[in-house]
Amino acid sequence: MKLTPLVYWAQRHEDIYLRVELTDAQNIDVHVHENVLQFRAQGHGAKGQNEYEFSLEFVLPVKPEVSHRSTQRQVNITVQKEQRGWWERLTKQERKPVFLAPDFDRWLDESDAEMEIREKEEKRNRLKASRHKRDQSVSLKTGFLFIYNLVQFLGFSWIFVNMTVRLFIFGQDSLYDTFHTISDVMFFCQILASVEVLNAAFGIVKTGVVPTLIQVVGRNFILFIIFGSLEEMHNRPVVFFVFYLWSAIEIFRYPFYMLGCFNTEWKTLTWLRYTIWIPLYPLGVLAEAVAVIQSIPIFDETKLFSIPLPKSIGTSIGFSYVLYMYLVLMSLGLFINFRHLYKQRKRRVRTKKRKAN
């Protein structure tokens, strides 16, 4: 006499769910043939450890594909209806088999099932709308970053090419009029670079706020305070070296970021981006330090930005003291940024080598 396990069933508009009470089921054989589901397996059921089997002829057509999943306590079977709809009963015979009972853990009335479908559809629509909104946000962010990096690349490329051409044409004389020919574009690019601090602060780009702030504030201090406020500095050769080193770094950095906006990479450009700064960044800081040192006597002589003290003291604090402190901070900033850039390069190069292996 064949043994039948306890079977519990529930339905949705598109699926039939069967739960077979069989512990530690093995050798499971379940299939649908001519609209009849056949099940056979070994396990521990109502009659102990035995082989159990049953068959169910469905009241309406179902798809031949059947899926099942066995757990330690039961076997879960899912059968898809041929046509979407709600069945009045499960089996073709009106009298329900004795081993079959409703699965009240999953049981829903037709109206409840319709509500469940609507809730799933609403959830799906919300997820779709959220994904669409996120995609739009990503598209806007990508477009913004690409345009920003493109503008900066064009600006610094113009500076680098212009200075290089003038150096070849006019030779040493080009060192003395760099500020008058280049400063307008450099002012524009460095003011625009303040956006990078905001991008890092608001998480638009994944980079540290402190290293970015140090670079932007440091450059703008040199450009606006040391060069911009002192006419005596305009004709100094140090302006050429500062501008040239700045632009030489940026003409590789910004196109690298432009490609990164579209998850694209050019290996040569990546190598240059993470290598060219090694000689150029310290040289740039050295040129900035020279500019600060050259400006100290001028600030002392002109008393520009000096802090007046009460008449009883009869003197003022010269801006040169601020510049001495700035020189100390420059060395600290050099250490912080050099360490940050070295970590970036180490992480990038190590990742590339790991992928290559």
Side-chain angles (χ1 to χ4, degrees), residues 133-163 178-179 181-229 239 242-266 269-270 272-274 276-277 280-281 284-285 287-288 291 326 329-330 332-334 336-345 347-348:
K133 187 176 181 180
R134 186 169 62 249
D135 290 344
Q136 282 186 326
S137 175
V138 170
S139 298
L140 288 174
K141 185 179 79 170
T142 300
F144 163 73
L145 291 175
F146 179 80
I147 292 173
Y148 168 77
N149 290 309
L150 175 61
V151 171
Q152 289 287 61
F153 170 66
L154 294 175
F156 281 107
S157 295
W158 183 90
I159 293 171
F160 184 82
V161 172
N162 189 297
M163 293 178 69
T178 300
F179 188 86
T181 56
I182 303 298
S183 61
D184 288 341
V185 179
M186 185 60 79
F187 276 125
F188 171 78
C189 289
Q190 284 307 131
I191 291 173
L192 189 60
S194 303
V195 174
E196 296 182 25
V197 180
L198 299 177
N199 289 343
F202 290 106
I204 297 176
V205 294
K206 295 180 180 179
T207 189
V209 178
V210 174
T212 305
L213 184 65
I214 290 174
Q215 177 172 309
V216 173
V217 172
R219 284 189 178 184
N220 283 338
F221 182 86
I222 298 296
L223 181 61
F224 288 92
I225 303 300
I226 304 300
F227 294 154
S229 64
V239 178
V242 170
F243 284 9
Y244 203 72
L245 289 168
W246 285 357
S247 59
I249 293 174
E250 305 302 15
I251 60 175
F252 297 110
R253 186 166 73 99
Y254 285 115
F256 171 80
Y257 290 151
M258 287 165 58
L259 293 179
C261 290
F262 303 101
N263 296 320
T264 305
E265 183 176 355
W266 180 25
L269 181 60
T270 301
L272 288 170
R273 158 71 180 94
Y274 288 101
I276 200 71
W277 63 267
L280 295 185
Y281 182 66
V285 175
E288 293 173 20
Y326 182 76
L329 293 175
M330 280 183 68
L332 179 61
L334 173 63
I336 293 174
N337 264 5
F338 201 93
R339 184 167 173 265
H340 171 71
L341 292 169
Y342 176 75
K343 282 185 175 180
Q344 280 189 329
R345 186 181 191 277
R347 184 167 57 248
R348 192 80 180 194

Those residues at least two apart in sequence (or on a different chain) that pass ring pair (Phe, Tyr, Trp, His ring centres under 6.0 Å) with Tyr281 are none
Sequence neighbours left out, what passes ring pair (Phe, Tyr, Trp, His ring centres under 6.0 Å) with Tyr244? Give chain and number order. Phe160, Phe240
Which residues pass the side chain to side chain contact (heavy atoms under 4.5 Å, CB included) test with Ile182, sequence neighbours left out? Trp158, Ile159, Asn162, Met163, Thr178, Phe243
Run the side chain to side chain contact (heavy atoms under 4.5 Å, CB included) test against Ile147 and tell me which residues pass, sequence neighbours left out. Val151
Tell me, please, which residues at least two apart from Phe144 pass ring pair (Phe, Tyr, Trp, His ring centres under 6.0 Å). none
Those residues that, when tested against Leu154, pass side chain to side chain contact (heavy atoms under 4.5 Å, CB included) (two or more places apart): Leu150
Under the ring pair (Phe, Tyr, Trp, His ring centres under 6.0 Å) rule, collect the residues that match up with Phe338, sequence neighbours excluded. Trp277
Ring geometry between Tyr148 and Tyr254 (parallel below 30°, tilted from 30 to 60°, perpendicular above 60°): perpendicular
For Glu288, the side-chain hydrogen bond (donor to acceptor under 3.5 Å, both in side chains) test, sequence neighbours excluded, returns Trp246
Does anything in residues 199-222 form a ring pair (Phe, Tyr, Trp, His ring centres under 6.0 Å)? List the pairs, not counting sequence neighbours. Phe221-Tyr326
Partners meeting salt bridge (charged side-chain N to carboxylate O under 4.0 Å, His left out) with Arg219 (sequence neighbours left out): Glu250
Sequence neighbours excluded - salt bridge (Lys or Arg N to Asp or Glu O under 4.0 Å) pairs with any residue from residues 190-199: Glu196-Arg253
Qualifying side-chain hydrogen bond (donor to acceptor under 3.5 Å, both in side chains) pairs, either residue in residues 199-214, two or more places apart: none
